[in-house]
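Take a look at the structure set out below.
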Amino acid sequence: MPKERKRKNKLLLSIIIVCLLSALGVGCFAGYQYYKEQKRGNEIRNVGKKMTTDSIKENNDEDPNASEKLMNDIDSGAADPLNFEIDWDTLKATNKDIIAWMRVPGTSLSYPILQEQSVGRYYYQTHNMYRRYDELGAVFTPAVEESEEKNNELLLFAHNSFGWYGDVYFARLAEWYGNATNANKYRYAYVYYPNGDIEKYQVWAGDHATTNSPVYTLPQPKGTDEYKQTLDYTAANAEYTIGDTPDKNTKTMVMSTCEELSSTSPYRFYASFKLVEEYERK
């Protein structure tokens, strides 16, 4: 009996050691993944710091009250979002598909916009601005069929970040713009172009929609009934609207991201902004 007990104890000890080593291996792998994804998230967030000079201090905690104060300061003239310098030479040398820069002042949402070159192809869904494969992709706008009529909707896609990457790209889009109260605290977004032009947008609607929503139909030609129908559809079906519906001659910008991590999900969240001011800087 004592020998049998010793044999069982040795077997039990062996099982415990194997389990501990397995747990240690899983823990080390998880730790490495965490480190790797944190590093990648920081690299994405630091693009703005490397490529731009911003007069407005970033609200690192993404505090909605701090953001609301900044938006009020923009209204009063106490904060100047136009005082924002971009290293276009480096960006263009990095990737000629970078056509503009977008940001919501005071937040981490500040990224270059990549232009897709082929209709129906979404290269930057899985590639970054350096043209390297990246499951987080980039902020991009789809290619559209050539048309004599000007497209009047700037449609921007980006991933809702996942894992341990942190708040990158459109991770907080649905949180910030899911209802009118929150949206008003992050109400202004700006788009900067290499030629010095700057567009100021104000959020006016937010909605959960499937991929066959009219808002995703491009192009949306300026001044056409087709574009007006899209705007009217948004106004009638959005979860909220703020202010007046844009008319068919007013440019809009739509930011959209997946609601779920699955790339096969047909559901998206989008926030629609209307152009309220344009500036020229030489």
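For clarity, every value in this text was computed on a predicted model and none was experimentally measured. Below, each value reflects all heavy atoms present in this structure, side chains not excepted, and no hydrogens, waters or symmetry copies.
Every residue two or more places apart in sequence or in another chain that forms a side-chain hydrogen bond (donor to acceptor under 3.5 Å, both in side chains) with Q220 is listed here: T230. Partners of Q202 under the side-chain hydrogen bond (donor to acceptor under 3.5 Å, both in side chains) rule, at least two apart in sequence or in another chain, do not exist in this structure. Applying the ring-ring contact (aromatic ring centres under 6.0 Å, His included) rule to Y123 yields the partners H127; only residues at least two apart in sequence or on another chain are considered. Looking at residues two or more places apart in sequence or on another chain, you find no salt bridge (Lys or Arg N to Asp or Glu O under 4.0 Å) involving K92. In this view, Y216 and F157 satisfy the ring-ring contact (aromatic ring centres under 6.0 Å, His included) rule, not counting sequence neighbours. For the ring-ring contact (aromatic ring centres under 6.0 Å, His included) test, no residue two or more places apart in sequence or in another chain qualifies with Y190. Legend: residues meeting side-chain hydrogen bond (donor to acceptor under 3.5 Å, both in side chains) with S272, ordered by chain and number and at least two apart, are W204. Applying the side-chain hydrogen bond (donor to acceptor under 3.5 Å, both in side chains) rule to S76 yields no partners; only residues at least two apart in sequence or on another chain are considered.
Using cut-offs of 30° and 60° on the angle between ring planes, the pair F84 and Y192 is tilted.
Across all their heavy atoms, P142 and Q115 have their closest contact at O-NE2, 3.2 Å. When all heavy atoms of P81 and P105 are compared, the pair lying nearest together is CB-CG, 4.2 Å. Summarising the geometry of Y233 relative to S213, their closest heavy-atom pair is CE2-OG, 3.9 Å, with the distance given to 0.1 Å. What you find for S108 and E62 is that their closest heavy atoms are OG-OE2, 2.5 Å. Across T94 and T90, no two heavy atoms sit closer than the pair OG1-O, 2.7 Å. For the pair F170 and V139, the tightest heavy-atom approach, listed with the atom from each and the gap, is CZ-CG1, 4.3 Å.
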Please tabulate, one pair per line, all N/O donor-acceptor pairs under 3.5 Å involving side-chain atoms of residues 241-248, not counting sequence neighbours.
| residue | atom | partner | partner atom | Å |
| --- | --- | --- | --- | --- |
| D247 | OD1 | N249 | N | 2.8 |
| D247 | OD1 | T250 | N | 3.0 |
| D247 | OD1 | T250 | OG1 | 2.9 |

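Residue pairs that meet the salt bridge (Lys or Arg N to Asp or Glu O under 4.0 Å) test with at least one member in residues 103-113, sequence neighbours left out, are D54-R103. Judged as a salt bridge (Lys or Arg N to Asp or Glu O under 4.0 Å), the pairs with a partner in residues 117-131 (not counting sequence neighbours) are, in order, D97-R131. Under the salt bridge (Lys or Arg N to Asp or Glu O under 4.0 Å) criterion, the residue pairs touching residues 76-89 are E85-R281, with sequence neighbours excluded.
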Run the side chain to side chain contact (heavy atoms under 4.5 Å, CB included) test on N160 and L173 for me, step by step, so that the C-alpha distance in whole Å, both residues' side-chain angles and the decisive distance to 0.1 Å come before the verdict. CA-CA 8 Å; N160 177 355; L173 193 69; over 6 Å; no
Would T141 and L114 satisfy side chain to side chain contact (heavy atoms under 4.5 Å, CB included), going step by step from the backbone distance to the final call? CA-CA 6 Å; T141 186; L114 282 296; over 6 Å; no
Stepwise, does the side chain to side chain contact (heavy atoms under 4.5 Å, CB included) test hold for F140 with L156? CA-CA 6 Å; F140 67 92; L156 302 180; over 6 Å; no
Go through T252 and Y227 one step at a time and tell me if the side chain to side chain contact (heavy atoms under 4.5 Å, CB included) criterion holds. CA-CA 10 Å; T252 54; Y227 181 47; 3.0 Å; yes
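Of the possible donor and acceptor atoms, none in the side chain of Y177 sits under 3.5 Å from a partner among the backbone N and O of R172. At least one donor-acceptor pair under 3.5 Å links the side chain of S55 to the backbone N or O of N83. Looking only at distances, a side-chain donor or acceptor of N182 sits under 3.5 Å from a matching main-chain atom of E175.
Atom CG in D134 sits 8.5 Å away from atom NE2 in H159 (nearest 0.5 Å). Distance CG/L91 to NZ/K96: 14.5 Å, rounded to 0.5 Å.
In this structure, a donor-acceptor pair under 3.5 Å is present between the side chains of E277 and Y279. Residues R187 and N72 have side chains that bring a donor and an acceptor to within less than 3.5 angstrom of each other. Judged by distance alone, the side chains of N95 and Y124 do bring a donor and an acceptor atom under 3.5 Å apart. Between the side chains of Y270 and T257, no donor-acceptor pair of N or O atoms lies under 3.5 Å. Under 3.5 Å, the side chains of S110 and W101 contain a donor-acceptor pair of N or O atoms.
Of the charged side-chain nitrogens involved, at least one lies within less than 4.0 Å of a carboxylate oxygen, so that K251 and E199 count as a salt-bridged pair.
Taking the six-membered ring for Trp and the full ring otherwise, the centers of Y201 and Y188 sit at least 6.0 Å from each other.
The neighbour count for K69 NZ, taken as heavy atoms of other residues, nucleotides or ligands under 6.0 Å away, does not exceed 12.
Results of the side chain to side chain contact (heavy atoms under 4.5 Å, CB included) test with V254 over T234, L154, V215 single out V215 as the only residue that passes.
Y169 and Y133 are assigned to two separate hydrophobic clusters, defined by single-linkage of ILVMFWY side chains at heavy-atom distances under 4.5 Å.
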